[in-house]
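For reference, the structure is listed below as structure tokens.
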Amino acid sequence: MIVLTKAPRGTRDILPDEVEQWQFFEEKVRALCRLFGYAEIRTPVFEHTELFLRGVGEVTDIVAKEMYTFTDRGDRSLTLRPEGTAPVARAYLEHKLYGEAQPLKVYYIEPMFRYDRPQAGRYRQFHQFGVEVFGAMEPSLDAEVMMLSLHLFRALGLGEFSLQLNSVGCPLCRAAYRACLQEELKEKVNSFCPDCTGRFHKNPLRILDCKHEVCQELTVGVSLMIDNLCGDCAEHFAAVREAMDALGESYVVNPRLVRGLDYYTKTAFEIVSPVLGAQSSLCGGGRYDHLLAAIGGPDVPGIGFGIGVERVLLARAAAGCSPPVSKSIDVFVATAGNVSAAEALRVVMDLRAEGVAADKDFLGRSLKAQFKFADKKQAKYLVILGDEEIKRGQVMLRDMQTGSQTDVALAELTSMVAKLVKGAKK
RNA sequence: GUGGGUGUAGCUCAGGAGGUUAGAGCACCAGAUUGUGGCUCUGGGGGCCGUGGGUUCGAGUCCCAUCAUCCACCCCA
């Protein structure tokens, strides 16, 4: 039975209290992207299913079992986007952005959808902050992209995380390596875990990244992609490392790091957090030099990453990062006696007109209850508007932190409070 | 998709081997001299005990199913 009072499985509401964390994250992202020269892009929440089949790869898990696909009334097969790169690549081609000054550097913070079994740090609707750069092959760009993600984590106060770096080669050297790896492993294929016996044919590189100890032991000393790169890929990888070294940035070369999506080439990286559970990957990215060609465009290179917003927020909480300061109201206008709610609203609107965040009671509560409410809302000041005050033309202004009170002429209240509030912000 | 844990008030949880009107803390609301928050005290509102079925004289408690949730695998952010 469908419960109407519950959000669908794997989805959740972000309530006002938590939204502050999200806005904090978004502010850091926007500031950094501006600093790094990345412009925001927004693409539709669904695309033609075919885009993901071609762009992500038909044998990947995302396409094989995790897509939210539906047919619309015009009999089109559409899919809620499971990742951000293919849609942005599509937009790049559709609007012929390769005709503009290159490279094109864009970012997005948008919801993604994957029909997966929910777990810690994994949801069916989740959010990714991602960047994509099209039209440049230079290794220093790979370094810049990684730097952006590292800087974001630091700006967010995340202390512990590690950057894992690898090169997955290009179609040429990877195909040759893949064949050589299969040759080396074929004797042991029956000793691997059930998952890896399957991987042997589907994606033998993935065996190297298996969590099972047996598989790890069986692959000790086996040839690695990193040692079998073609000249071009090896040179690129060395240059990326050189750029990172020059920046004094530490990273771990992990030759067993594999990307799940088909379109990755050369640089592959991942940033993992030790404070999360099994879903410890905060950021995954890399180069995809032939994705554009795969979906019918010119053979323009690209690079990007995706960062899981929920996971970053989870990691912040787990690491005990202090929450962002909550945005409370400046003034609460309380009424007493026969002063009408309409009169209070007029004062509140006057304050707001001066840029003072003001609020009032809307439940006809007692003065005491209004005080409690103002306290709960962490109002910095409270104004009492009572019969006495109206008569004298003086209202009482109370500093809620210190408890001190002063009389202020009603006519001067707005400018007075505006000055107080602005002074405190500096 | 696979395996395991858990579903009692808004939240965190109690409810000995089935037996009266299901409890606590926090939160919420009201009051403690008729116009003053935080601390304290008093009172109050709130629960299809996740849902459906079964066993029983009797089920929050036992059994089955289902849904949800959590953890892990797979995969990934």
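Every chain is numbered from 1, with letters handed out A, B, ... down the list of sequences.
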[X] side-chain proximity, nearest of [options]:
X	options	value
A:R259	B:C75, B:A77, B:G35	B:A77
A:R114	B:C74, B:A77, B:G37	B:A77
A:A369	B:A77, B:A72, B:A30	B:A30
A:A278	B:U36, B:C73, B:C75	B:C73

Please give, in whole Å, the distance from [N] [atom2] to [X] [atom1]?
X	N	atom1	atom2	result
A:L257	B:C76	CG	P	11 Å
A:D195	B:G1	CG	C1'	11 Å
A:F52	B:C76	CZ	C1'	16 Å
A:K202	B:C74	NZ	P	13 Å
A:I207	B:C74	CD1	C1'	15 Å

Taking N and O atoms by type only, does the side chain of A:R365 place a donor or acceptor under 3.5 Å from a partner on the base of B:C29?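 Counting by modelled atom types and ignoring angles, no donor-acceptor contact under 3.5 Å is found here.
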
Is the base of B:U36 touched by the side chain of A:Q370 through a donor-acceptor pair closer than 3.5 angstrom?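 No such pair is found, so the answer is no.
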
Would you say a side-chain N or O of [X] is under 4.0 Å from OP1 or OP2 of [N]?
X	N	answer
A:K376	B:C28	yes
A:K211	B:C75	no
A:Q119	B:A72	yes
A:R122	B:A72	no
A:K368	B:G37	yes
A:R9	B:C70	no

Any side-chain donor-acceptor pair under 3.5 Å between A:E144 and A:Y38?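 There is such a pair between these side chains.
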
Establish, from distance only, whether the side-chain atoms of A:D350 and A:T414 form a donor-acceptor pair under 3.5 Å.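 Judged by distance alone, the side chains do not pair up.
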
Classify [X] by what it touches in the nucleic acid, base, sugar-phosphate, or nothing, heavy-atom distance under 4.0 Å.
X	value
A:E389	base
A:E388	base
A:E310	nothing
A:G277	sugar-phosphate
A:D61	sugar-phosphate
A:M396	base

Point-to-point distance, once rounded to the nearest 0.5 Å, from CZ of A:F113 to CZ of A:R81: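 Those atoms lie 6.5 Å apart.
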
Taking the six-membered ring of A:F373 (Phe, Tyr or Trp), confirm whether the NZ or CZ of A:R365 is under 6.0 Å from its centre and within 45° of its axis.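 Checked: cation-pi criterion met.
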
Has A:K360 got its NZ or CZ under 6.0 Å from the middle of the six-membered ring of A:F362, at an angle within 45 degrees of the ring axis?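 Judged by the rule (NZ or CZ under 6.0 Å from the ring centre, within 45° of its axis), A:K360 counts as positioned above A:F362.
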
If only atom types and distance count, is the side chain of [X] paired as donor or acceptor with the main-chain N or O of [Y] below 3.5 Å?
X	Y	answer
A:E47	A:L80	no
A:R311	A:S281	yes
A:E310	A:H127	yes
A:R398	A:S404	no
A:N166	A:P255	yes

Least distance between heavy atoms, A:N228 atom then A:C173 atom: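 Answer, listing the atom of A:N228 first, then A:C173: O-CB, 3.8 Å.
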
For nucleotides 3-5 of chain B, give me every protein contact, N/O to N/O, under 3.5 Å, one pair per line with atom names.
unit_1: B:G3; atom_1: O6; unit_2: A:R117; atom_2: NH2; d: 3.0

Around A:R392, counting heavy atoms of other residues, nucleotides and ligands shown, do more than 12 lie under 6.0 Å from its CZ?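 Atom CZ in A:R392 is packed in, count exceeds 12.
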
More than 12 heavy atoms from other groups under 6.0 Å of OH on A:Y115: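 No, because the 6.0 Å sphere around OH of A:Y115 holds 12 heavy atoms or fewer from other groups.
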
Show each protein N/O and nucleotides 38-48 of chain B N/O combination with a separation under 3.5 Å, one pair to a line.
unit_1: B:G38; atom_1: O4'; unit_2: A:D375; atom_2: OD2; d: 3.2

Expressed in whole Å, how much space separates the C1' atoms belonging to B:C64 and B:C57?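 Those two atoms are separated by 22 Å.
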
Quick one: stems involving RNA chain B, counted as three or more successive Watson-Crick or G-U pairs, both distances short of 3.5 Å.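 So far as stems of 3 or more pairs are concerned, RNA chain B shows B:1-7 with B:67-73, B:10-13 with B:23-26, B:28-32 with B:40-44, B:50-54 with B:62-66.
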
Inspect the contact between A:E249 and A:R154 and indicate whether a charged nitrogen and a carboxylate oxygen are less than 4.0 angstrom apart.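 A salt bridge is present here (some side-chain N lies under 4.0 Å from a carboxylate O).
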
Taking the six-membered ring for Trp, does A:F373 stack with B:G37 (centroid gap under 5.5 Å, planes within less than 30°)?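 Stacking is absent between B:G37 and A:F373, given that the ring centres and planes do not meet under 5.5 Å and under 30°.
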
